Amino acid sequence: MSPDVRVSVDSAPVWMRQLLGALPEVPAHMRHRGGAVAAALTVRRPRLASVLMLFEGSEAGVSGPSTPPADATVLLTQRATALRQHSGQVAFPGGKRDDGDADDVAVALREAWEETGLAPDTVQVLATLDPLDVPVSSFVVTPVLATTTRPSPVGVVDPGETALVRRVPLRELVDPANRFMVRKAGYSGPAFAAGPMLVWGFTGGCSTR
């Protein structure tokens, strides 16, 4: 299954156009890296969920379609330590689908608003990516790629669910000094140091796609 690109490449931010234009051409073995559902569904009776991968950044100083601006960021949260699943882990805003959600995008926008206060009407959805299988929590998660030209105030809405909300500079994530591999409880995968956050697991894997 190919990624669903929802806007024309020309209407996207200049620095994201090359990425969007390349999405339909990504080989299957790369799209399925990390356990995509289309490759092999290992979760029995999966629960559906979506996450919002929200990128922000001005167009000023952009030198080409693949050069992020110096102020480019991605929105991340850190889950509260008291949660039963994935406690304390860094994540994209998101969560499970409710009966009233129309589609994967609706899930991602609703959950981002509930967790961070992000105003849904400021978000421009660019694409929905292939769903990923997360066997440890029985979820099948669809990443929703988005941007905004009207940044919305964000912060912790419910401390019982979220410990930290941060717009993480992309320069931190792409800095080789902040990238490494992590091994924990049988898991092995890419990780990133992002200020007070340690990005690994599902979120770290998405960050390398």
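Numbers for residues simply follow the sequence, beginning at 1. Model, not experiment: these values are computed from the prediction.
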(message) Taking salt bridge (Lys or Arg N to Asp or Glu O under 4.0 Å) as the definition, give me every residue that meets it alongside R167, ordered by chain and number, with sequence neighbours left out.
(response) E56
(message) Just verifying a value: how many Å separate L48 CG and D104 CG, rounded to the nearest 0.5 Å?
(response) 7.5 Å
(request) Show which residues join V174 in its hydrophobic cluster (side-chain heavy-atom contacts under 4.5 Å, direct or indirect), or state none. (result) none
(request) Grab the two heavy atoms, one from A49 and one from F139, that are nearest each other, plus how far apart they are. (result) CB-CD2, 3.7 Å
(message) Applying side chain to side chain contact (heavy atoms under 4.5 Å, CB included), can you list everything that pairs with P196, at least two apart in sequence or on another chain?
(response) L164, R166
(message) If I take atom CZ from residue F192 and atom CG from residue D175, how far apart are they, to the nearest 0.5 angstrom?
(response) 11.5 Å
(message) Hydrophobic cluster membership, with links at side-chain heavy-atom distances under 4.5 Å among I/L/V/M/F/W/Y: are F92 and V157 in one?
(response) no
(request) Could you list who else is in V107's hydrophobic cluster, with ILVMFWY side chains joined at under 4.5 Å, directly or through other members? (result) none
(message) Do L109 and V123 make a side-chain contact, defined as non-hydrogen atoms from C-beta onward lying under 4.5 Å apart?
(response) yes
(request) For the residue pair L75 and L52, establish whether any side-chain heavy-atom pair is separated by less than 4.5 Å. (result) no
(request) State the CE-OG1 distance between M53 and T128, to the nearest 0.5 angstrom. (result) 12.0 Å
(request) With sequence neighbours left out, write down each residue that passes side chain to side chain donor-acceptor pair (under 3.5 Å) with D71, or none if nothing qualifies. (result) S58
(message) Does anything in residues 105-120 form a side-chain hydrogen bond (donor to acceptor under 3.5 Å, both in side chains)? List the pairs, not counting sequence neighbours.
(response) D98-R110, D101-R110, R110-E114
